[in-house]
Amino acid sequence: MTAVPATSTPGVGIFGSSPPARWLATVLQDQGFRVEAIWARTSMEAEAAAQSLNIPFHTSRVDDVLLRKDVGLVVILCPPSLHSQIAVKALGIGKHVLCGVPGGLSQGECLRMVQAAQYYPTLMAVLAYSLRFLPNMVTMRDMISRGYLGESVNLVDVRISCSSLLDTKYTWCCDSGMGGGVLSLLGSHVIDLLTFLQLGRVLRVHATLVTLTKTTDNIRGIRQITADDVAVLQLHLVAGTFVTITINSSLSGFTQEVTVCGTAGHLTARQGDLRGKKNGATKDEVFNLDVSENELCQQSSGLPSLHAAGLVRMVGELRDVFRGKLEGQQERTSAAATFGEGLYVQAVMEALRRSSESREWRKVELVQEEGGGQVGQ
């Protein structure tokens, strides 16, 4: 990896000390960013993270990071309940923001982030939906737009199986209301992927969200797990495309398969591979082969392998955007998900949760202003 001069990228302040936050700090450092400060919930956690990552400043006070003059980019990978307030405050004092997924616990929180980003349009404000940056997904989008699948896309089928997303002790990951569960942590990425593939907005949804593991050896008694570990989702898109998403976190490892079917053939992205087959063809065509296994150490990231591979590429693109602006390429922008696109993902997830509770199809309603103002898609 070629090091980039540190002067071409802003100093970074990281919020969070979890394994993914620590891993991303090393990725940022490897790609030429200076990580100047780290925040954690306790001073002890912050100090330990700073020492292990060679970060000069640590704190448990949010403002201590945000007000530092050597911090120009804020990376938010702390519990989702803090995402919105930190992002809004950071934008208000002139910092670029890269926020973890899903970027807030409700449409209200996401809307405040959208409004802050609109008020400061010269600042970068993006979410870490990293599947967008995988080469096979980029190729899939290009092939769909070029008409490989024919006149229309009829069906999208997504299947994800993985090991449990729970921590060994009770944390926000165990509580669906605090951002835990497979819908928030994995399903949100798939909903954003539908946007990236330009397949159209979601009109109506149906969902079954199930919590199979309600207690563990370490999590029992007063506290019970409410985070969903199985999700079966159905979505109707504006153009008539039908989407099925099945997520099962009762297995091991991480596997993801995305199949898009059209009138002339189908494309399947399995892990980092991409294969396609035209109607009437005798065998599959290979468009991408997965090489991510050789590119990064997934175990230390604490993330699904595909999400980690995408984040590495995302950091590289953000570095190039900052360097391009320094060189006068003001029109250069990132392909990363905006806060507005994050608000839309939140609206779809809220409709899915309402559907699971009522066991009925529900319309997606996007909040346009604080205190209400819902608009049906």
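Residues: numbered from 1 along the sequence shown.
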Roughly how far, to the nearest 0.5 Å, is [atom2] of [Y] from [atom1] of [X]?
X    : Y    : atom1 : atom2 : value
L127 : H189 : CG    : NE2   : 9.5 Å
S43  : R61  : OG    : CZ    : 10.0 Å
T226 : L209 : OG1   : CG    : 11.5 Å
T241 : R201 : OG1   : CZ    : 15.0 Å
N288 : M140 : CG    : CE    : 9.5 Å
F33  : F322 : CZ    : CZ    : 6.0 Å

In terms of ring plane angle, is the pair [X] and [Y] parallel, tilted or perpendicular, where the classes change at 30° and 60°?
X    : Y    : answer
Y148 : F287 : perpendicular
H236 : W361 : parallel
W39  : F15  : tilted

### Query
Side-chain donor-acceptor pair under 3.5 Å between N248 and S250, yes or no?
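There is such a pair between these side chains.
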### Query
Thinking salt bridges, do R223 and D175 make one under a 4.0 Å N-O criterion?
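Between D175 and R223 there is no salt bridge, as every charged N stays at least 4.0 Å from the carboxylate O atoms.
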Looking at [X] and [Y], would you say the former's side chain and the latter's main chain have a donor-acceptor pair under 3.5 Å?
X    : Y    : answer
S81  : M178 : no
Q271 : F254 : yes
E257 : I160 : no
E350 : Q107 : yes
H83  : V101 : no
E317 : A335 : yes
T268 : R275 : no
D290 : D273 : no
D228 : L183 : yes
T9   : G32  : yes

#### Entry: Single hit among S184, S358, S176 for side chain to side chain donor-acceptor pair (under 3.5 Å) with R353
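Answer to the side chain to side chain donor-acceptor pair (under 3.5 Å) test with R353 among S184, S358, S176: S184.
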### Message
Same cluster or not: L105 versus W172, using hydrophobic residues (I, L, V, M, F, W, Y) connected whenever any side-chain heavy atoms lie under 4.5 Å apart?
### Response
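Per the 4.5 Å side-chain linkage, L105 and W172 are co-clustered.
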#### Entry: same_hphob_cluster(L233, V230) at 4.5 Å side-chain heavy-atom cutoff
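Unlinked, L233 and V230 end up in two clusters.
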[X] atom [atom1], over 12 foreign heavy atoms within 6.0 Å:
X    : atom1 : result
R159 : CZ    : no
R141 : CZ    : yes
Y119 : OH    : no

Could you check if a side-chain atom of [X] sits within less than 4.5 angstrom of a side-chain atom of [Y], using non-hydrogen atoms only?
X    : Y    : answer
V260 : H266 : no
I14  : L28  : yes
T246 : T244 : no

### side-chain contact (heavy atoms from CB on, under 4.5 Å) between Q31 and V312, intermediate numbers included
CA-CA 9 Å; Q31 302 228 22; V312 172; 3.6 Å; yes
